[in-house]
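Each ligand, and each atom within it, is numbered from 1 in the order the structure gives. Index from 1, following the sequence.
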Amino acid sequence: MHELAITQSILDIAENAAREHGVKKVREVRIKIGDYSGVVPQCIQYYFDLISKGTVAEGAKLKMEKLPILMRCEECGWQGEVDKHHIECPACGGIRLRLLQGREFYVESLEVD
Ligand SMILES: [Zn+2]
């Protein structure tokens, strides 16, 4: 995924929400990032600082929380957290795993003045 495009969509969400609710300043944006989404949190804050200049979200802090990768084994039915560098079922060693969570990326909430 392209970090700049992602950051732009975060800013769009923040600006739209601010306009809708008559908010003058967005102080914090809470974001959930799946560990399997490939998004680099450090890049997002960097880009956000650049493109938010002059908007209601200028200077806002991005609070990013990682969502662990959850998978289910199609072989034995095991379900749980999986290391992204070692994707296999810890119960039976199977590799037919289905992703239940981990690819998400979304704005959860905003803190505003
Ligand atoms: Zn299994």
(message) Enumerate the salt bridge (charged side-chain N to carboxylate O under 4.0 Å, His left out) contacts for residues 54-70, please, sequence neighbours excluded, ordered by first and then second residue.
(response) K32-E65, D35-K66
(request) May I ask you to say whether R27 pairs ionically with D113, meaning some side-chain N is under 4.0 Å from a carboxylate O? (result) yes
(message) For D12 and Q8, which I'm curious about, is there any donor-acceptor pair between the side chains at under 3.5 Å?
(response) yes
(request) Report the residues that fulfil side-chain hydrogen bond (donor to acceptor under 3.5 Å, both in side chains) with S109, sequence neighbours left out, ordered by chain and then residue number. (result) R30
(message) Please report the interatomic distance CG(L50) to CG(L4), rounded to the nearest 0.5 Å.
(response) 8.5 Å
(message) At a cut-off of 2.8 Å, what protein N/O/S atoms sit near the Zn ion (ligand 1)?
(response) C73 SG, C76 SG, C89 SG, C92 SG
(request) Share the residues that join L97 in a hydrophobic cluster, the rule being Ile, Leu, Val, Met, Phe, Trp or Tyr side chains under 4.5 Å apart at the heavy-atom level. (result) Y36, I69, M71, W78, V82, I87, L99
